[in-house]
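Please read the structure below before turning to the comments.
Side chains included, hydrogens not; waters and symmetry mates left out as well; all remaining heavy atoms used. All chains are named by letter (A, B, ...) in the order of the sequence lines, taking the proteins before the strands, and each is independently numbered beginning at 1.
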Number of protein chains: 2
Amino acid sequence: MRADAQRNADKLRTAATALCRERGLQVSLKEIARHAGVSHGTLYNLFGTREALIDEVIGDIAAKRLGDAARRAQACDDAWEGFAGYVTEVCELQATDPALGDVLTRRCPQAVRLMAVCDNTAAAAASIIDRARSAGTLRPDFTTEDLIFFLASNAALARAAESTGAPGWRRSVAFLLDGLRTAAAHPLPTAPLKPAQLHHMLVGEPAAS
Amino acid sequence: MRADAQRNADKLRTAATALCRERGLQVSLKEIARHAGVSHGTLYNLFGTREALIDEVIGDIAAKRLGDAARRAQACDDAWEGFAGYVTEVCELQATDPALGDVLTRRCPQAVRLMAVCDNTAAAAASIIDRARSAGTLRPDFTTEDLIFFLASNAALARAAESTGAPGWRRSVAFLLDGLRTAAAHPLPTAPLKPAQLHHMLVGEPAAS
DNA sequence: CCTTATCTTGACCCCGTGGTCAAGATGCCT
DNA sequence: AGGCATCTTGACCACGGGGTCAAGATAAGG
């Protein structure tokens, strides 16, 4: 790879990172190129598809931040505290970094690394949930799919809320948590979602546009 | 108004109603015209702006359906049942009629009648919430803004969920309700949203595109 | 039936998106 | 320095959105 190509690739990566993290994963490629001070043709030359760029640029950040949150939760002595802290922390990530919200809602299904991050997050969430359920503090009928559903539904609003300086999502999370303690549980109206149903829901309809 | 103009207006209204209710309020005007078998120029002639069309077409439906739900809640003997039923019913409306979801999230701020429906709904919700709080079954720190925040966050997902035949939102609502009983309440992390903050949040960032 | 006011049409404008590619520029190696 | 391979550019394609308007169609009334 020639030096100038390398330089341009870096400029594009930088621009893409910044734009994705402040506006989400569906920023226009031409805008990224413009922002990087480079022709959009160059972007196509160097990365080919949006997925390749995004995947490269957001993959590590997403894996790190979501992984850290999961590890913190698992390291927590109290299972419930770990679970509650995890939910709060992930919501906070969504609120402050739109790109992460889009990762969790599978907005970019072609990006293999991001999808892997998504799967890992689901697995981590499952273990955090399991632990809290086993401890008897989290209601037993709460599933990983329920958590992801909640995260997905909060993604858009959390972002908007943060920009107004009014973190309404914090109250939302608190209400949810209060409803998730074993003591608060009442029978649920429907069966849990199957993973495939959740998946289809998220990739099928990319959250209103 | 000439007879053919009247006929075209009706065709456009019919098409607009159908498309809005199955795809939300931001359907393209050209698509509505196409669907009505009429030139898009005619649409502009007869209605001028998207807001005028939408307002006329969705206003009554929205007012009726949301009003009915509120009345049913208020007619309910038990305050908590009324409240819980109301939340469920509104979510169901959002899931089955994307247009209503968009109305409640103020996706079309120029449409005065729709905004009035929105305000009326908020007022009705406030009274339903008040009643349940006074009865002691709904936790006292839950506000109208919290409800609207929840409805907004569920809007996109409820729609997607319905189309997969997996009503995940029903479980979401159930978890929320379990967290809203007075007995389940734990202290909240932040102060309630002010109405203006909520408003700014909804109109400022139209939910992730 | 013929006139006229009303209405419809579709070509046209602007803007944006994703994507391609020949021509020209530039880095690099000899 | 020169020549080749690599890379960049920006014009171009097709598509879609919102919106406008002159010219032609048509309903309504005399």
Practice task
Indicate whether the side chain of A:S127 and that of A:D130 have a donor and an acceptor atom separated by less than 3.5 Å.
Solution key: no
Completion exercise
Result for 5'-nearest mapping on DNA chain C, choosing between B:Q6 and A:H40, is B:Q6
Problem - Along DNA chain C (nearest heavy atom to each residue), the more 5'-positioned of B:V38 and A:E31 - result: B:V38
Are OP1 or OP2 of [N] and a side-chain N or O of [X] less than 4.0 angstrom apart?
X: A:N8; N: D:dC7; result: no
X: B:S28; N: D:dG18; result: yes
X: B:R34; N: D:dG16; result: no

Handout entry: Result of checking B:K64, B:R72, B:R65 against B:D68 for side-chain hydrogen bond (donor to acceptor under 3.5 Å, both in side chains)
Key =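 Exactly one candidate clears the test, B:K64.
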Exercise for the section: Taking all heavy atoms of B:A84 and all of B:L177, pick out the closest pair and write down the distance. Expected result: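 In terms of heavy atoms, the two residues are closest at CB-CD1, 3.8 Å.
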Exercise for the section: Please name the pair of heavy atoms, one in B:W169 and one in B:A95, separated by the smallest distance, quoted to 0.1 Å. Expected result: NE1-CB, 3.6 Å
Practice task
Check whether any side-chain heavy atom of A:F149 sits under 4.5 Å from a side-chain heavy atom of A:E145, and report yes or no.
Solution key: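 Not in contact.
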Fill in the blank from the handout: Under the rule of Watson-Crick or G-U wobble with both distances under 3.5 Å, where | means paired to another strand and [ ] a crossing pair, DNA chain C maps to ||||||||||||||||||||||||||||||
Practice task
Taking only Lys NZ, Arg NE, NH1 and NH2, and the carboxylate oxygens of Asp or Glu, determine whether A:R113 and A:E56 approach each other closer than 4.0 Å.
Solution key: no
Problem - Salt-bridge contact A:D119-A:R106 (side-chain N to carboxylate O under 4.0 Å) - result: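 Yes.
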Rounded off to whole Å, could you give me the [atom1]-to-[atom2] distance for the [X] and [N] pair?
X: B:K11; N: C:dT9; atom1: NZ; atom2: C1'; answer: 13 Å
X: B:Q26; N: D:dG16; atom1: CD; atom2: C1'; answer: 15 Å
X: B:D10; N: C:dC7; atom1: CG; atom2: P; answer: 14 Å
X: B:R23; N: D:dG16; atom1: CZ; atom2: P; answer: 13 Å

Practice task
Classify the side chain of B:K30 versus the base of D:dG16 as yes if they form a donor-acceptor pair under 3.5 Å and no if they do not.
Solution key: no
Practice task
Mark up nucleotides 24-30 of chain D, 5' to 3', with B wherever a protein heavy atom is under 4.0 angstrom from a base atom, S wherever such an atom reaches only the sugar-phosphate, and - elsewhere.
Solution key: --BSS--
Practice task
Indicate, with a heavy-atom threshold strictly under 4.0 Å, whether A:S39 touches base, sugar-phosphate, or nothing.
Solution key: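 The answer is base, as A:S39 lies within the cut-off (heavy atoms under 4.0 Å) of a base atom.
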Exercise for the section: Go through the steps to decide whether B:T42 and B:N45 satisfy the test side chain to side chain donor-acceptor pair (under 3.5 Å), and finish with yes or no. Expected result: CA-CA 5 Å; B:T42 300; B:N45 277 344; 5.2 Å; no
Exercise for the section: Give the ring-plane orientation class for A:Y44 versus A:H40, where under 30° counts as parallel, over 60° as perpendicular and anything between as tilted. Expected result: perpendicular
Exercise for the section: For the pair B:D178 (side chain) and A:A185 (backbone), establish whether a donor and an acceptor sit closer than 3.5 Å, ignoring hydrogens and angles. Expected result: no
Exercise for the section: Please name the residue in the list A:L193, A:I129, A:L198 that meets the side chain to side chain contact (heavy atoms under 4.5 Å, CB included) test with A:T144. Expected result: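 Of the listed options, the one satisfying the test is A:I129.
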Fill in the blank from the handout: Within residues 42-52 of chain B, the residues having a heavy atom closer than 4.0 Å to DNA chain D are B:Y44, B:R50
